[in-house]
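One structure below.
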Amino acid sequence: MQRRNWNKNNMKVISKQRNSRMCIVCGMDNPVGFRAQFYNMEDGSVMTPFRYRSEHQSFPQRVHGGLIATMLDEMGLRAMWAKGSEDVFGVTMSMEVKYRKPVPYEEDLLGRGIVVKDTPKFSVITSEIFDRRGILLANAELKYMKLEVGRIAQDVNPHEEMCYLIEDDVKEILF
């Protein structure tokens with residue numbers, strides 16, 4: 001069983017990221033989405049305490065592997081935002097996912113992403129999903145190419161899509 005060096009310390013939240021309308025991961029208007037909230041942390045990482053729901057299952061008691069990869073992928077862009085600015089956009093060039101343990105739904109989980117290499121055009125990110133005991137359930141190494149929004153999608157205003165900043169009182173996350 002792979003377990004992180006789980007000190008169970010509180011890590012300070014620096015700021016909170018915006019949520020979108022329809023993204024499967026962070027979309028607040030998406031009825032089948034995860035509605036995950038993302039926090040910029042004091043160590044430069046991004047974290048999200050979240051839950052998959054039973055609608056996200058593949059086999060009973062397990063989340064679909066594609067939806068696990070989806071969350072790991074989302075943490076790639078979110079990690080770039082934690083390191084820099086929400087004005088940075090990009091696309092996934094490659095992603096290597098390792099499924100370590102079955103990922104349950106209807107249980108508290110913690111996602112974390114951090115940039116491990118950054119250049120003006122590319123970023124390499126490590127993202128992970130843990131259960132609340134600190135057991136690593138899945139992780140990925142992602143390579144992102146930074147692009148202007150107009151090269152990703154035509155006639156999209158990212159500030160209109162990423163329109164929700166949901167205030168809360170989260171000041172620390174146990175990690």
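Here, residue 1 is the first one in the sequence, and each next residue gets the next number. From a predicted model like this one, the values you see are computed outputs, not experimental measurements.
Heavy atoms only, all atoms of each residue included: G44 and A82 are closest at O-CB, 3.7 Å. For the pair P120 and K146, the tightest heavy-atom approach, listed with the atom from each and the gap, is O-CD, 3.5 Å. The shortest heavy-atom contact between E74 and C23 is OE1-SG, 3.8 Å. The nearest pair of heavy atoms linking G65 to Y99 is O-OH, 2.9 Å. L136 approaches K101 most closely through the heavy-atom pair O-CG, 4.0 Å. In plain terms, the two heavy atoms of C26 and N19 that are nearest each other are O-ND2, 2.9 Å.
At least one side-chain heavy atom of L110 sits under 4.5 Å from a side-chain heavy atom of F175. Residues I129 and Y52 are in side-chain contact: their nearest non-hydrogen atoms beyond the backbone lie under 4.5 Å apart. You'll find the side chain of Q37 reaches within 4.5 Å of the side chain of I166, heavy atoms only.
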Item to complete: Take D73 and R78, measure what salt bridge (Lys or Arg N to Asp or Glu O under 4.0 Å) needs, and give me the verdict at the end.
Response: CA-CA 9 Å; D73 186 27; R78 297 298 185 141; over 6 Å; no
Practice prompt. Step by step, work out the side-chain contact (heavy atoms from CB on, under 4.5 Å) result for M47 and F38.
Written response: CA-CA 6 Å; M47 288 187 171; F38 293 88; over 6 Å; no
Worksheet entry | Test salt bridge (Lys or Arg N to Asp or Glu O under 4.0 Å) applied to R112 and D43, step by step | CA-CA 11 Å; R112 181 174 184 264; D43 68 347; 2.6 Å; yes
Fill in: Pair V25-T70, side-chain contact (heavy atoms from CB on, under 4.5 Å): steps then yes or no
CA-CA 8 Å; V25 177; T70 300; 3.6 Å; yes
Worksheet item: What's the verdict on side-chain contact (heavy atoms from CB on, under 4.5 Å) for L109 and R132, showing C-alpha distance, side-chain angles and the deciding distance?
Response: CA-CA 6 Å; L109 302 170; R132 285 298 181 173; over 6 Å; no
Practice prompt. Carefully, step by step, assess L142 and V124 under the rule side-chain contact (heavy atoms from CB on, under 4.5 Å).
Written response: CA-CA 6 Å; L142 302 110; V124 177; over 6 Å; no
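Residues L67 and V32 fall within the same hydrophobic cluster, defined by Ile, Leu, Val, Met, Phe, Trp and Tyr side chains chained together at heavy-atom separations under 4.5 Å. Cluster annotation: Y105 and V97 are assigned to the same hydrophobic cluster (Ile/Leu/Val/Met/Phe/Trp/Tyr, side-chain heavy-atom contacts under 4.5 Å, transitive). When hydrophobic clusters are built by joining Ile, Leu, Val, Met, Phe, Trp and Tyr residues whose side-chain heavy atoms come closer than 4.5 Å, directly or via intermediates, F130 is grouped together with V170.
Using modelled atom types, one side-chain atom of S127 and one backbone atom of L72 make a donor-acceptor pair closer than 3.5 Å.
The side-chain contact (heavy atoms from CB on, under 4.5 Å) test applied to S58 returns R62, H64, not counting sequence neighbours.
Checking K98, R100, E96 one by one against N139, the side-chain hydrogen bond (donor to acceptor under 3.5 Å, both in side chains) holds for a single residue, R100.
In K16, the NZ atom is crowded: over 12 heavy atoms of neighbouring residues, nucleotides or ligands sit closer than 6.0 Å. When the shell of 6.0 Å around CD of E106 is examined, it contains more than 12 heavy atoms from other residues, nucleotides or ligands.
Side-chain contact of N40 with Q17: a donor-acceptor pair under 3.5 Å is present, judged by distance alone.
With salt bridges taken as basic N to acidic carboxylate O contacts below 4.0 Å, none links E107 and R51.
Taking the six-membered ring for Trp and the full ring otherwise, the centers of Y144 and F122 sit at least 6.0 Å from each other.
To the nearest 0.5 Å, atom CZ of residue F89 and atom CG of residue L77 are 7.0 Å apart.
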